[in-house]
Amino acid sequence: MMKPLSRDALARMVALHLPNEGFVNLGIGAPTQVADYLPSGSGVMLHSENGVLNVGPKPPEGQEDWDLINAGKMPISLKRGGSYFDSSLSFAMMRGGHLDVAVLGAFQVSREGDLANWTTGDNGSPPGIGGAIDLAVGAKSIWVMMDHTTRDGRPRIVERCGYPLTARKVVTRIFTNLAILDVTDNGLVVDALLEDMRVAELQALTEAPLLALGKVRTIKQDGAVLA
Amino acid sequence: MMKPLSRDALARMVALHLPNEGFVNLGIGAPTQVADYLPSGSGVMLHSENGVLNVGPKPPEGQEDWDLINAGKMPISLKRGGSYFDSSLSFAMMRGGHLDVAVLGAFQVSREGDLANWTTGDNGSPPGIGGAIDLAVGAKSIWVMMDHTTRDGRPRIVERCGYPLTARKVVTRIFTNLAILDVTDNGLVVDALLEDMRVAELQALTEAPLLALGKVRTIKQDGAVLA
Amino acid sequence: MRNVIVRDAGAAVEGIKDGHTVMVGGFGGAGLPKGVITAVLDKGVRDLVVISNNAGSSDDDLSLWFSAKIVRKIICSYPRSAQQFAEQYRAGTVELELVPQGTLVERIRAGGAGLGGFLSPVGVGTVFADGKEKVTVQGHEFLLELPLHADFTFIKGHLADSLGNITYNKSARNHCVVMATAGDTVAVEVDRIVEVGELDPENIVTPCVFVDRVFTRNL
Amino acid sequence: MRNVIVRDAGAAVEGIKDGHTVMVGGFGGAGLPKGVITAVLDKGVRDLVVISNNAGSSDDDLSLWFSAKIVRKIICSYPRSAQQFAEQYRAGTVELELVPQGTLVERIRAGGAGLGGFLSPVGVGTVFADGKEKVTVQGHEFLLELPLHADFTFIKGHLADSLGNITYNKSARNHCVVMATAGDTVAVEVDRIVEVGELDPENIVTPCVFVDRVFTRNL
């Protein structure tokens with residue numbers, strides 16, 4: 001069997017699925033990397049919760065402006081046609097359903113699309129919620145991007161989330177290093193699977209039951225997906 | 001007895017009482033005229049509900065810009081240091097208590113400071129409320145400016161308003177063509193009275209009881225007030 | 001690249017249907033997208049619910065919609081000096097929902113910002129409290145006001161680029177800025193269209209994410 | 001004419017008292033008024049309630065206030081990478097009210113705009129719903145969120161005039177713009193002070209009515 005997708009390949013796979021000319025928010029952490037793989041000419045406009053629309057790439061070293069950062073507090077640039085605004089307008093965009101897709105990391109996703117991505121409830125460390133919860137409630141489509149299992153091999157796609165919820169029934173699509181799943185009223189449908197992997201193998205790594213209704217597309221090692 | 005103050009003299013009297021460097025909204029109708037009598041150097045900044053701060057005088061004929069109007073939809077100008085903003089921020093200023101004084105017209109004011117200034121309930125004509133009610137609730141001080149009685153001599157300063165209310169217990173000061181009254185917890189206190197007029201004469205034109213506790217100041221025909 | 005520029009006002013109102021809710025920007029004539037007034041008439045739609053500050057007072061504004069009897073209901077704050085509306089109102093052929101101006105704007109903002117409503121101190125103890133839920137918070141009484149949203153929003157901007165970024169002219173911002181956030185389809189009439197990149201990112205008032213169509217008027 | 005310029009950060013925080021509620025702008029370092037951090041420390045106040053997006057993560061931000069143990073409670077959305085805060089938090093010497101970021105901003109806006117609260121869909125069905133009133137409107141469940149207000153607001157702007165009109169730099173607007181509306185005393189640290197009239201009235205983000213004090217940092 002092929003190796004699971006690398007972080008880069010997973011980011012590329014997500015990037016290739018974003019709708020042309022869509023307004024997209026990339027969550028902090030791994031989703032931020034999706035920006036590096038947007039096809040030129042896709043026209044995707046990236047939103048940053050701290051008040052930036054049409055986010056551009058990281059500036060060259062030495063040219064960082066620490067008044068121009070993303071939600072992960074890293075320096076960014078602004079593309080032509082971009083704009084700045086305050087947080088109240090930024091969250092109105094998010095909560096008000098004005099963004100097409102939010103790509104979020106997650107600890108767990110349930111069969112019904114419940115999302116747990118803000119805390120594992122570990123004691124001691126102060127928890128942080130930030131803006132992920134506003135996105136999860138407001139964006140038209142919520143995509144999760146994560147490893148299919150935990151480091152020690154336990155499923156992250158579960159019947160019911162064990163970790164504290166971010167939002168109920170919001171995730172519409174799950175991109176993992178093994179597969180792409182659609183969250184439907186009937187359950188989790190396998191849209192694409194790593195080349196050479198079988199649905200039964202994926203099921204063994206997934207707590208929630210999977211459906212393979214139609215043709216399952218093939219994920220190549222570089223994150224490209226073949227029909 | 002002296003004649004009641006003219007419209008101009010009443011506007012002047014109000015203008016002379018506005019706090020230096022205060023942020024002030026002048027309601028549509030007669031209050032708008034107060035702007036013409038602000039002492040130079042008063043530093044008063046006028047707010048217009050449709051999104052203008054630091055309103056200047058009417059522009060010369062032929063130089064009107066119909067994108068720059070006041071709440072009465074008449075052309076204005078902008079003073080140096082003025083700004084434009086949208087209605088949501090404008091009403092946040094009003095309702096949020098950021099304006100020092102709103103000067104409003106009224107049909108009736110009650111002893112407790114209830115304000116009736118949006119409709120006489122006449123049948124047939126569609127009613128209009130506009131932004132007066134937001135000001136009445138939000139500005140730090142609500143001043144009413146009106147004739148002391150109706151055209152046919154009935155009191156406008158009453159025990160209880162007969163007309164539909166704009167807001168309860170909000171008016172702090174009443175400027176009329178005969179007197180200045182303060183709305184206090186003890187009742188209506190006569191602060192100033194037209195020269196040669198007696199409190200008893202004013203009371204005869206006023207339904208709510210008047211108090212003349214301290215020294216009553218003297219209103220001159222031109223709207224100046226002497227201690 | 002995204003390009004939201006459409007040919008004319010007719011294209012800007014394409015898709016409007018009988019019974020739609022329509023927001024129209026403007027305070028008096030400032031911010032009023034006059035080009036769409038006749039374009040909507042030309043579509044032959046009726047039974048519209050209109051959300052706007054005023055109800056028209058001249059021969060190139062909402063008065064035309066009342067004359068043509070295509071409005072079933074108007075939600076507005078100040079329908080004075082509105083002769084055509086007043087005639088329909090007296091005849092009982094149009095419904096009026098009178099809303100204090102600040103509450104009107106805030107309800108539109110709530111609609112655009114995904115809020116379920118808000119608590120306002122405005123209208124407590126008046127006829128504007130009739131039929132509304134009262135909520136007491138920390139000893140103060142408020143009215144629960146509900147969001148407004150529209151099928152179409154028509155507003156007037158000053159400059160636009162082809163992405164749909166908008167600036168406004170002076171006091172013409174008024175209700176347009178929040179209305180731009182609260183329509184399923186948002187069409188903006190502007191004075192001039194500029195190249196992408198010409199608008200200073202600091203000075204764009206309505207970011208393009210809110211805007212679906214932009215047009216200039218054929219004068 | 002109104003002139004809100006004060007000498008330095010010390011003058012900008014004058015009047016702050018034990019137990020005060022203080023809003024501090026910024027998302028990370030952008031929009032953070034660094035000059036007031038030490039100025040507040042110098043006043044020797046304690047038991048502050050702080051409202052800010054973060055809880056400090058370097059040696060020139062809110063971390064200093066936690067090190068000095070002058071904060072009783074923080075209301076924020078993302079107190080991660082905040083070592084000094086985390087130590088106090090683990091020791092139980094500081095209280096945390098964790099608020100989703102959009103809800104935090106909206107609560108501040110409500111405080112500045114004179115609203116009694118708002119209904120938010122954010123947090124329904126999660127621990128963020130605990131202890132909050134649930135309100136169902138048209139079949140949807142919302143949480144009633146209450147306004148936030150402060151005794152002092154400290155934010156960072158870019159340019160200011162002596163009247164108190166403010167612009168911001170790029171993404172440094174963040175929470176500063178709403179915080180400017182919600183403090184009894186609003187003090188703004190800016191990069192530069194310009195003449196009245198130099199700021200384009202179309203591009204002023206915070207009109208002077210909200211601003212009480214302006215200062216530039218002695219660098």
Side-chain angles (χ1 to χ4, degrees), chain B residues 28 48-53 55 65-78 82-97 114-119 121 123-138 161 163-170, chain C residues 25-32 53-55 57 74 76-82 85-90 94 96 98-106 108-109 112-113 120-129 156 158 168-181 191 205-206:
Chain B
I28 58 177
S48 188
E49 70 186 26
N50 52 322
V52 184
L53 191 63
V55 171
D65 178 344
W66 290 95
D67 277 348
L68 181 47
I69 58 177
N70 64 14
K73 307 192 177 75
M74 299 307 293
I76 54 173
S77 60
L78 189 77
S83 54
Y84 305 117
F85 35 87
D86 84 293
S87 302
S88 69
L89 189 62
S90 188
F91 282 86
M93 281 181 201
M94 294 161 68
R95 195 182 40 229
D114 291 354
L115 174 66
N117 78 343
W118 71 280
T119 182
N123 56 345
S125 286
I129 179 69
I133 187 171
D134 305 273
L135 275 172
V137 169
C161 295
Y163 294 139
L165 285 188
T166 306
R168 285 192 194 282
K169 299 188 185 180
V170 294
Chain C
F27 186 95
L32 180 73
N53 191 60
N54 305 112
S57 62
I74 184 163
C76 74
S77 90
Y78 202 75
R80 305 298 290 270
S81 321
F85 164 74
E87 280 173 24
Q88 300 295 312
Y89 177 80
R90 284 192 205 97
V94 63
L96 169 66
L98 191 69
V99 182
Q101 191 178 166
T103 302
L104 180 65
V105 175
E106 197 67 19
I108 296 167
R109 182 182 179 277
S120 178
V122 174
V124 171
T126 77
V127 296
F128 295 99
K156 172 73 166 47
H158 180 45
Y168 300 84
N169 189 38
K170 304 188 179 73
S171 70
R173 289 190 195 195
N174 54 62
H175 303 60
C176 296
V177 179
V178 286
M179 284 183 172
T181 69
D191 294 319
V205 178
T206 294

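The basis for the numbers below is simple: all heavy atoms, side chains too, and nothing from hydrogens, waters or symmetry mates.
- Here CZ of B:Phe91 is found 9.0 Å from OG1 of C:Thr103. Values are rounded to the nearest 0.5 Å.
- The shortest heavy-atom contact between B:Lys73 and C:Phe27 is CG-CE2, 3.9 Å.
- Per-residue counts of heavy-atom pairs under 4.5 Å with chain B were compared for C:Val127, C:Val124, C:Asn54, C:Ile108; the largest is that of C:Asn54.
- Under the 4.5 Å side-chain criterion, counting only non-hydrogen atoms from C-beta, C:Val205 is not in contact with B:Tyr84.
- What you find for C:Leu98 and B:Pro127 is that their closest heavy atoms are CD1-O, 3.5 Å.
- Chain C forms more heavy-atom pairs under 4.5 Å with one residue of B:Ala167, B:Ala132, B:Ser125 than with any other, namely B:Ser125.
- The candidate from B:Val137, B:Leu78, B:Asp114, B:Val52 with the greatest count of non-hydrogen atom pairs under 4.5 Å with chain C is B:Val137.
- Minimum heavy-atom separation, B:Pro126 to C:Tyr89: CA-CE2, 3.6 Å.
- With rounding to the nearest 0.5 angstrom, the CD1 atom of B:Ile76 is 11.0 Å from the NZ atom of C:Lys170.
- Note that CG of B:Asn50 and CZ of C:Arg173 are 12.5 Å apart. Values are rounded to the nearest 0.5 Å.
- For the atom pair CG (B:Asp134) and CG (C:Leu104), the distance works out to 9.5 Å, reported to the nearest 0.5 Å.
- Only the backbone of B:Asn70 has a heavy atom closer than 4.5 Å to any heavy atom of chain C.
- Neither the backbone nor the side chain of B:Ser83 has a heavy atom closer than 4.5 Å to any heavy atom of chain C.
- Contact record, B:Asp67 with C:Gly31: OD1-N, 4.3 Å, taken as the closest heavy-atom pair.
- With chain B as the partner, the residue from C:Pro79, C:Ser120, C:Ala86 showing the most heavy-atom pairs under 4.5 Å is C:Pro79.
- Put simply, of C:Ser171, C:Ala30, C:Cys176, the one with the most heavy-atom pairs under 4.5 Å next to chain B is C:Ser171.
- Smallest separation of non-hydrogen atoms from B:Thr166 and C:Thr126: O-CG2, 3.3 Å.
- Contacts of B:Ile28 with chain C are made by side-chain atoms alone, with heavy-atom separations under 4.5 Å and no backbone atom involved.
- Contact annotation for C:Phe128: only side-chain heavy atoms (C-beta onward) come within less than 4.5 Å of a heavy atom of chain B.
- One distance of note links CG of B:Leu89 with CZ of C:Arg109; it measures 10.5 Å at 0.5 Å rounding.
- With a 4.5 Å cut-off on non-hydrogen atoms, C:Val105 touches chain B through its side chain but not through its backbone.
- Taken from CD in C:Gln101 to OG in B:Ser90, the straight-line distance is 8.0 Å, to the nearest 0.5 Å.
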